[in-house]
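A quick note: this is a predicted structure, and the numbers were derived from the prediction, not measured. Hydrogens, waters and symmetry mates are skipped; everything else that's a heavy atom, side chains included, is used. Chain identifiers are assigned alphabetically (A, B, ...) following the order of the sequence lines, protein sequences preceding nucleic acid strands; residue numbering begins at 1 within each chain.
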Amino acid sequence: MEKSFEPAQIESKWYERWEASGAFQPSGKGEPYCILLPPPNVTGTLHMGHAFQQTVMDMLARYQRMRGMNTLWQVGTDHAGIATQKIVENQLAVEDRTRHDLGREAFVERVWKWKEESGSTITNQMRRIGAAADWSRERFTMDEGLSAAVRKVFIDWYRAGLIYRGNRLVNWDPVLGTAVSDLEVNNVERDGHMWSIRYPVVGSDESVVVATTRPETMLGDVAVAVHPEDERYAHLVGKTLKLPLTDREIPVIADDYVDKDFGTGCVKITPAHDFNDYAIGQRHKLAPITIFTLAAKVNDNAPEKYRGLDRYDARKRVLADLEAAGLLVETKPHKLQVPVSDRSDAVIEPMLTDQWFVDLTSDVQTDGRPGGRQAITLPALDAVRSGEIKFVPENWATTYTQWLDNIQDWCISRQLWWGHRIPAWYDEAGNIFVGEDEADARANATTTPVGTLRQDDDVLDTWFSSALWPFSTMGWPANGPVKNERGEVVANWEQDKIFLPSAVLVTGFDIIFFWVARMVMATKYFTGQIPFREVYINAIVRDAEGQKMSKSKGNTLDPLDLIDGIELEPLVAKSTRSLLLPQVREKVEKRIRKDYPNGIPSIGTDALRFTFAALASYSRTINFDIKRAEGYKAFCNKLWNAARFALSNIGDRAEPAQGIPQPTLEVNRWILTRVKQMLIEVEQHFTSYRFDHVAQTLYEFTWNELCDWYLELIKPVFRGKSDDADTLTTIDSKAIAETEHTLLYVLETVLRALHPITPFITEEIWQWVAPKLALSESSLMQRPWPRADEIVADDAATAEIEWFKNVLSGIRRIRSEMNISPAKTIPLLFADGDASDRQRANKFNPAIEFLARVTPTPTPHSTQAISPPSIDPPSFIPSPSVSRWIEPNTQEPASAAAVVGSMRVLIPLAGLIDLGAEKTRLAKEISRIEVEIKKCEGKLGNANFVANAPPEVVTQERQRITDWNTTVTALREQAQKLG
RNA sequence: GGGUGCUUAGCUCAGCGGUAGAGCGUCGCCCUUACAAGGCGGUGGUCGUAGGUUCGAUCCCUACAGCACCCACCA
């Protein structure tokens with residue numbers, strides 16, 4: 001093995017070997033366990049959020065696979081309608097062309113070409129994270145198989161009356177030229193104005209004043225509304241107003257939507273460009289007047305002078321004209337929420353257009369069939385309410401159910417070219433025909449088509465196909481095997497439906513509505529099953545200061561840069577490349593030079609994954625700090641070196657050790673006990689998705705138990721090995737053999753337990769370890785998860801080792817506090833204590849001498865052969881009887897002391913220790929314990945405590961006070977001896 | 001307006017009814033033959049505020065304050 005851990009050297013080889021071995025595919029044996037990858041946008045590149053989420057999925061998949069589950073991690077990518085179309089349109093823009101220059105067919109072909117060339121960026125990056133996903137089943141939402149599912153779902157829902165086409169007010173993105181769903185609109189606070197405009201009453205000197213943030217929409221006003229109980233305006237209801245700047249007259253209507261106390265209490269009503277106004281217009285049967293084109297320019301319904309103006313130019317003109325007419329009463333600054341398109345940042349314009357909708361709100365259809373609420377929404381709601389689907393952390397269930405309780409119909413048509421084209425045709429009379437293709441649509445027609453049929457130009461919302469992911473990827477609705485474009489079988493519903501429901505969905509809270517809810521709806525409806533049993537909502541990754549990562553802030557991190565490391569200059573270059581504004585570029589560059597003066601060090605995949613695991617508590621954000629990742633790289637190095645230590649001490653065994661060790665030495669029995677506890681905890685934490693605790697448990701075991709203690713404690717055993725083999729007694733070689741076996745077993749077990757988090761380093765080390773244990777598997781990936789119940793715990797051995805650790809810690813503390821060099825050998829004596837202390841001191845003497853650098857006891861017969869030990873079972877190595885013990889009532893040298901139970905561990909002061917400093921140290925220790933004793937006495941002196949607290953708590957408290965008293969007595973005695 | 005979180009050591013976070021923990025940082029001593037990406041030891045917290053429940057509250061309840069995020073919004 002190399003001297004230190006070099007991730008780059010070992011990561012490159014293992015992934016390909018694993019994948020080639022078929023280890024990523026379902027074994028076909030055991031209980032099905034499926035994880036669905038939220039298909040990333042095919043346009044995407046891996047960011048920290050992906051890396052985190054995928055690490056979580058990979059840990060689960062690897063863990064369950066080792067546990068013997070028939071594990072499928074289903075992967076694929078999403079066609080991402082708008083995002084992908086935009087990329088290719090941007091390419092065309094460079095050539096000074098638009099998609100319309102190419103025409104639909106050629107454009108779509110070009111997008112496909114782009115997808116073939118660039119669409120696997122993100123999946124290749126996933127491989128660098130170590131994702132053990134089944135790539136042989138990789139799917140794309142526009143695969144033929146998945147497209148067939150989309151068509152069937154659309155047609156079935158249409159025929160069930162659950163999809164309808166309607167002329168409705170929708171969120172229109174005038175830049176992208178398409179409708180978007182409610183979810184794709186963000187409300188952004190902007191500084192604007194509130195304008196008050198006077199509308200004269202026809203045939204009167206009176207007038208009303210309305211307030212608006214969008215004065216240009218007055219051109220489309222159809223009424224002014226007041227509250228029905230507003231006495232100020234009661235006499236005007238039913239009267240007519242002169243709509244300024246136009247030749248139209250509009251009524252005053254009464255509607256209790258109006259808030260009497262807001263503004264003037266009068267609201268202008270523009271049903272064609274405002275959702276609330278639309279509802280009011282419907283209630284009062286007022287025909288909406290659309291005044292904008294789809295590009296948000298004023299149309300021919302407005303007076304001529306405004307036509308063709310962009311909505312913001314129109315606003316200026318309208319205001320100027322109102323001002324000139326003396327009808328602009330007031331202008332004041334006003335903060336308002338502006339609806340902005342998620343994809344283009346364009347301000348959304350509500351527009352009346354023909355669109356397709358999924359009914360999610362009606363209870364019963366006019367013909368008596370169940371409406372969308374009954375058929376789709378409520379089953380999705382019940383799946384979570386009933387607990388059939390569980391959210392982790394569970395409070396997200398509230399978010400889910402509240403959204404479904406207030407859901408609107410889902411606008412599924414998009415005026416794009418890239419996507420699943422809607423399987424609907426229109427005849428020349430405007431009748432609708434839906435089917436797999438034109439022939440099928442005709443065959444299923446209920447009316448005779450008039451003239452030729454023309455297919456709907458629109459495509460479906462990207463999320464429509466994502467909603468089907470849990471069953472479309474399993475081969476639904478085909479009867480037999482589904483093949484990809486290369487002719488390989490990727491799914492077969494008859495076999496693969498065992499993976500439905502999947503075990504857990506790992507995803508971000510931001511797509512609970514977009515995706516999670518819709519998968520439940522569609523999967524429930526079409527398969528009768530839930531799509532997944534649990535939904536683990538992962539945290540959002542922020543920077544070290546808790547700020548959102550964004551390119552314009554310059555605080556993003558590329559997971560691959562963390563893995564590979566990157567020099568400062570290339571980092572600056574790549575971080576500023578896509579930034580357009582010079583001042584932003586400058587700011588970002590400055591920040592990067594400040595944050596990473598030396599670039600980013602290479603952390604390696606394993607350390608990055610360990611960091612993600614360690615951060616994955618139930619908190620909803622995690623702050624990623626490179627410092628932390630560097631700490632976990634150190635952990636990897638620690639593990640690496642522990643393995644080197646083990647392997648170099650064991651050397652080439654003639655015969656490999658096999659099976660689970662049954663050692664007799666306490667130190668070995670103790671570490672096995674600790675391994676058992678560690679495994680039990682790790683399993684619990686996996687079950688509850690507490691990856692932070694999984695990581696912490698493994699970290700602490702590996703570092704604080706295995707490395708800090710076990711490896712140190714067995715050094716005295718192995719020290720015997722370096723001696724001439726002839727001088728070893730039988731017991732020595734037995735002790736060495738069982739220790740080697742235990743060490744190998746423990747190391748191999750911890751490698752298995754760590755493998756889900758750090759697959760690369762564990763595999764690499766395992767390859768060195770496996771031959772020495774005669775393991776038949778060729779890869780750690782094939783090893784079973786270590787079972788805690790195979791290991792026997794030994795509490796007695798644990799008590800022995802705890803005693804020993806206390807003695808050693810006591811000596812170390814004295815050394816440190818008294819400034820005795822760790823290299824200096826010191827004398828050691830024991831006093832007081834009981835019989836078991838004597839026995840233990842005797843037994844552990846050689847280990848104490850070795851590990852605490854203690855002067856060996858002069859043994860009268862040191863030249864003679866070592867006598868057989870009187871203790872059974874043998875300890876580290878057999879020990880001659882020692883003469884460290886100070887008998888009662890004998891003179892003892894002035895010493896520094898540590899107390900273990902009732903025993904005093906003494907280091908004689910002569911020449912080593914400052915008497916005054918030792919007195920101070922003792923006094924401090926005594927007063928600390930006295931405080932504890934006071935606390936205990938306070939509790940036990942309280943009759944209510946003794947009467948009401950659980951008996952075991954009272955017992956525990958009594959035990960504590962006894963222990964403290966023992967310790968403090970010994971300390972006081974020591975203090976007194978020092979004078 | 002409705003909802004959901006968070007507030008614990010200098011920083012980032014666990015803990016959650018019965019002795020306040022980790023990592024990083026910091027301080028001291030050590031290049032001790034697995035590891036200086038290391039070892040050993042130390043420092044550091046009246047657990048946001050105020051009440052309540054309880055024998056006992058960082059933990060449960062109530063109110064308040066501050067900070068986030070989500071949803072819906074008054075023209």
Heavy-atom distance under 4.5 Å between the side chains of [X] and [Y], does that happen here?
X	Y	value
A:E2	A:W640	yes
A:H685	A:T697	yes
A:Y199	A:D221	yes
A:P215	A:I197	yes
A:D543	A:K548	no
A:I537	A:F391	yes
A:E764	A:M1	no
A:D342	A:V185	no

Within this structure, what is the [atom1]-to-[atom2] distance between [X] and [N], rounded to whole angstrom?
X	N	atom1	atom2	answer
A:I622	B:A68	CD1	C1'	16 Å
A:K805	B:G39	NZ	C1'	16 Å
A:D274	B:C74	CG	C1'	11 Å
A:I814	B:G42	CD1	P	12 Å
A:D277	B:C73	CG	P	13 Å
A:R542	B:G5	CZ	P	17 Å
A:I540	B:C67	CD1	C1'	18 Å
A:F513	B:G3	CZ	P	15 Å

Output yes when at least one side-chain N/O atom of [X] is less than 4.0 Å from OP1 or OP2 of [N], else no.
X	N	value
A:K715	B:A34	yes
A:W709	B:C40	no
A:S648	B:A34	no
A:Y257	B:A75	no

Would you mind pulling out the nucleotide paired to [N], Watson-Crick or G-U wobble, both distances under 3.5 Å?
N	result
B:A37	none
B:U53	none
B:C73	none
B:C47	none
B:U19	none
B:U4	B:A68

Quiz item: Toward the 5' end of RNA chain B, which comes first, A:K633 or A:E817, by nearest nucleotide?
Solution: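 Its nearest nucleotide being more 5', the pick is A:K633.
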Quiz item: With nearest nucleotides of RNA chain B determined for A:R644 and A:K268 from heavy-atom distances, which residue corresponds to the more 5′ nucleotide?
Solution: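 Looking at the nearest nucleotide for each, A:R644 comes out on the 5' side.
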Of the options [options], whose atoms approach the side-chain atoms of [X] most closely?
X	options	result
A:L711	B:C73, B:A34, B:A14	B:A34
A:R813	B:G23, B:C35, B:G42	B:G42
A:C707	B:C73, B:U4, B:A34	B:A34
A:R853	B:U33, B:G18, B:C29	B:U33
A:A642	B:C73, B:A68, B:A34	B:A34
A:N942	B:C55, B:G41, B:A75	B:C55
A:A949	B:G18, B:C73, B:A14	B:G18
A:N948	B:U32, B:C55, B:G18	B:C55
A:R812	B:G18, B:C40, B:G39	B:C40
A:Y699	B:U43, B:C24, B:C73	B:C24

Roughly how far apart, to the nearest Å, are [N] and [M] at atom [atom1]?
N	M	atom1	result
B:G48	B:C55	P	25 Å
B:C74	B:C69	C1'	24 Å
B:C47	B:U19	C1'	16 Å
B:G15	B:A72	C1'	36 Å
B:A57	B:G23	C1'	27 Å
B:G41	B:G21	P	16 Å
B:G45	B:U8	P	15 Å

Need one value for [X]: base, sugar-phosphate or nothing, where a base atom within 4.0 Å counts as base even if backbone is also close, heavy atoms only.
X	result
A:W195	nothing
A:S617	sugar-phosphate
A:N637	base
A:P393	nothing
A:V210	nothing
A:D708	sugar-phosphate
A:E952	nothing
A:R690	sugar-phosphate
A:S4	base
A:C936	nothing
A:K939	sugar-phosphate
A:F635	nothing
A:D259	base

Practice problem: State whether the distance check finds a donor on one side and an acceptor on the other, under 3.5 Å, for side chain A:R620 versus base B:U4. | Solution: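 Side chain to base: pair present.
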Quiz prompt | Side-chain donor/acceptor of A:Q402 to base of B:C71, under 3.5 Å | solution =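 No, the side chain and the base share no sub-3.5 Å donor-acceptor pair.
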Practice problem: In sequence, state the C-alpha distance, the side-chain angles, and the governing distance for A:Q337 and A:R190, and then conclude on side-chain contact (heavy atoms from CB on, under 4.5 Å). | Solution: CA-CA 6 Å; A:Q337 298 285 324; A:R190 298 242 171 109; over 6 Å; no
Practice problem: Output yes if the stacking criterion (under 5.5 Å between centres, under 30° between planes) is met for A:F262 over the base of B:C74, else no. | Solution: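 So yes, this residue stacks on that base, both cut-offs being met.
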Quiz item: Would you call A:E349 and A:R214 a salt bridge, using N to O less than 4.0 angstrom?
Solution: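 Salt bridge flag = yes for A:R214 with A:E349.
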